[in-house]
There are 2 protein chains.
Amino acid sequence: MTEPSGRRERKKAATRQKIADTALRLFLECGYDAVGIRDVASEADVAVTTVFSHFASKEALVFERDQDFEQRLTRAVTDRPPHEPIIPALHREVHALVRHCTAEGSAPVRRMIEGSPALREYEESMSLRHAHALAAALSADPHLSRSTTACRATARFTIDAYALACRADDPGATVDEVFQMIKAAWEATAA
Amino acid sequence: MTEPSGRRERKKAATRQKIADTALRLFLECGYDAVGIRDVASEADVAVTTVFSHFASKEALVFERDQDFEQRLTRAVTDRPPHEPIIPALHREVHALVRHCTAEGSAPVRRMIEGSPALREYEESMSLRHAHALAAALSADPHLSRSTTACRATARFTIDAYALACRADDPGATVDEVFQMIKAAWEATAA
DNA sequence: TGTGAAACCCTAACGGTTAGGGTTATCTTC
DNA sequence: GAAGATAACCCTAACCGTTAGGGTTTCACA
């Protein structure tokens, strides 16, 4: 993304990346539960406290790119062409996000997440954060004069669509079907 | 609910209740984070291991009546008068549940939950379980011939309505507004 | 070049949770 | 009613994620 200029920042980013990579590798090799933070730290050749200075929790090691997700969602609202209706914009973006998360290489990671209650729980709470951010973006859009409740509900519905699609047999079709519902729901709130 | 017959079962239920009551009292008195499992155990005069044989986690102590919630939701589907449309039935039940959770006496508990990330996270993951159960009930209903995806989405939307309303300024109005959206969404899936 | 801060390290602890293995109370069956 | 089976409970010790406290190195910048 943004190229860090100073050596210190570069080193910090490198440490962070090394920890994340090491963690993911160990998790996939041995299983999430079988790998401890102390294992990750020593394999990455850093102190345990350093791991926690880069990542808030063990689960966060798995969802390293979580910020991207949130940004892409909110930008689908804020950066869309002027006067483009909101629902198609969200529909398109969720499609892309789902494709990304159900891509070939992501399968082992998904399987790992589904296999760990702690990771599933963490993912949900991430989703709620994303729903909050999306709701704020919707509320802030001057072209959409809808109630706060309508914005919040639509945000949650959108996240639901993503979550359902990621676990569905046919992710693409699931996104389409749920968005047909979301479209109707949204239109029912027209002032 | 069901009266246990044997002495053993009665004693077990009493122990469970004593633990739950003690825990909630201590949590409300001193704050959730300030009270440890060891505190709860010794105040309830049981061993720590006994606490965990009745409750799966510290958070579960707070959501003791969680099973009720799930049952009420699924029964709103399965036990509704024959040929009653599903959405009004859900609407009514969510109204009742929200009223229950925003009642006078529940305020301190709600405040405690909102004040603890761990409790919020736990509540979310409970909600997902409820959504699963509700989705299964919807799918199983012979009068509703909708796709699995439509049932799952509607279940999640319903849980969203509950979650949003519990935190809204005007819970009742929020339920109504979101259910107007859900109604439209559901009707958009008609075969 | 010196100084402050950021990144990192180590150790020790805290708190939720569980394993292991034992004791008592209740239930069942004869 | 005695004997065995089992459920509920207890204790101790540990595991593991996480944090506090306090030190050292490395870098940025004046």
Side-chain angles (χ1 to χ4, degrees), chain A residues 3-20 22-24 26-27 30-64 112-113 116-123 125-126, chain B residues 3-20 22-24 26-27 30-64 112-113 115-123 125:
Chain A
E3 298 291 332
S5 47
R7 175 175 304 161
R8 177 173 271 173
E9 290 179 54
R10 254 182 299 119
K11 283 197 174 183
K12 180 178 181 179
T15 301
R16 183 194 152 90
Q17 201 56 47
K18 187 175 181 185
I19 293 170
T22 304
L24 195 56
L26 289 182
F27 290 160
C30 317
Y32 179 75
D33 290 326
V35 177
I37 286 287
R38 291 162 177 88
D39 300 326
V40 173
S42 75
E43 181 82 9
D45 198 29
V46 295
V48 169
T49 44
T50 301
V51 173
F52 282 106
S53 80
H54 286 276
F55 300 91
S57 67
K58 185 186 181 187
E59 295 92 52
L61 286 164
V62 174
F63 297 96
E64 197 218 340
M112 177 177 75
I113 295 169
S116 157
L119 287 176
R120 281 204 307 266
E121 203 164 319
Y122 185 86
E123 194 182 22
S125 84
M126 261 180 34
Chain B
E3 299 291 329
S5 49
R7 176 174 304 162
R8 181 177 270 172
E9 289 178 55
R10 253 183 299 119
K11 285 197 174 183
K12 180 178 180 179
T15 302
R16 183 195 153 92
Q17 202 55 48
K18 186 174 181 186
I19 294 169
T22 305
L24 195 55
L26 290 183
F27 290 159
C30 318
Y32 180 75
D33 289 327
V35 178
I37 286 288
R38 291 161 178 89
D39 300 326
V40 173
S42 75
E43 181 82 8
D45 198 29
V46 295
V48 169
T49 45
T50 300
V51 174
F52 282 107
S53 80
H54 285 276
F55 300 92
S57 66
K58 185 185 181 187
E59 295 94 52
L61 286 166
V62 175
F63 297 97
E64 198 218 341
M112 178 178 75
I113 294 170
S116 156
L119 287 176
R120 280 204 308 268
E121 203 163 320
Y122 185 88
E123 194 182 21
S125 85

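Reminder, nothing fancy here: chain letters follow the sequence lines and each chain counts from 1.
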Verify the contact: side-chain N or O of [X] to OP1 or OP2 of [N], cut-off strictly under 4.0 Å; return yes or no.
X	N	answer
B:Lys12	D:dA7	no
A:His54	C:dA7	no
B:Lys58	C:dT17	no
A:Thr49	C:dC8	no
A:Ser53	C:dA7	no

At 4.0 Å (heavy atoms only), tell me whether [X] reaches a base, stays on the sugar-phosphate, or touches nothing.
X	value
B:Val40	nothing
B:Val46	sugar-phosphate
B:Asp39	nothing
A:Val51	nothing

Separation of [X] atom [atom1] from [N] atom [atom2], in whole Å?
X	N	atom1	atom2	answer
B:Arg7	C:dA25	CZ	P	12 Å
A:Tyr122	D:dG17	OH	C1'	14 Å
A:Phe27	D:dC16	CZ	C1'	12 Å
A:Arg10	C:dA7	CZ	P	14 Å
B:Phe55	C:dT17	CZ	P	13 Å
A:Glu9	C:dA7	CD	P	8 Å
B:Ile37	C:dC14	CD1	P	17 Å
B:Asp33	C:dC14	CG	P	17 Å

Are [X] and [Y] close enough that some pair of their side-chain heavy atoms sits under 4.5 Å apart?
X	Y	result
B:Glu59	B:Glu123	no
A:Ile113	A:Tyr32	no
A:Arg7	A:Arg10	yes
B:Asp45	B:Thr22	no
B:Met112	B:Leu24	yes
A:Phe27	A:Lys58	yes

Heavy atoms from C-beta onward define the side chain here; which of [options] lies closest to that of [X]?
X	options	answer
B:Thr50	D:dT19, D:dC10, C:dC8	D:dC10
B:Val48	C:dC8, C:dA25, C:dT17	C:dT17
A:Ala47	C:dC9, C:dT17, D:dC27	C:dC9

Let me know, please, whether B:Arg8 or B:Asp45 comes out on the 5' side of the other along DNA chain D by nearest nucleotide. B:Arg8
Between the base of C:dT17 and the side chain of B:Arg38, is one N or O donor paired with an acceptor at under 3.5 angstrom? yes
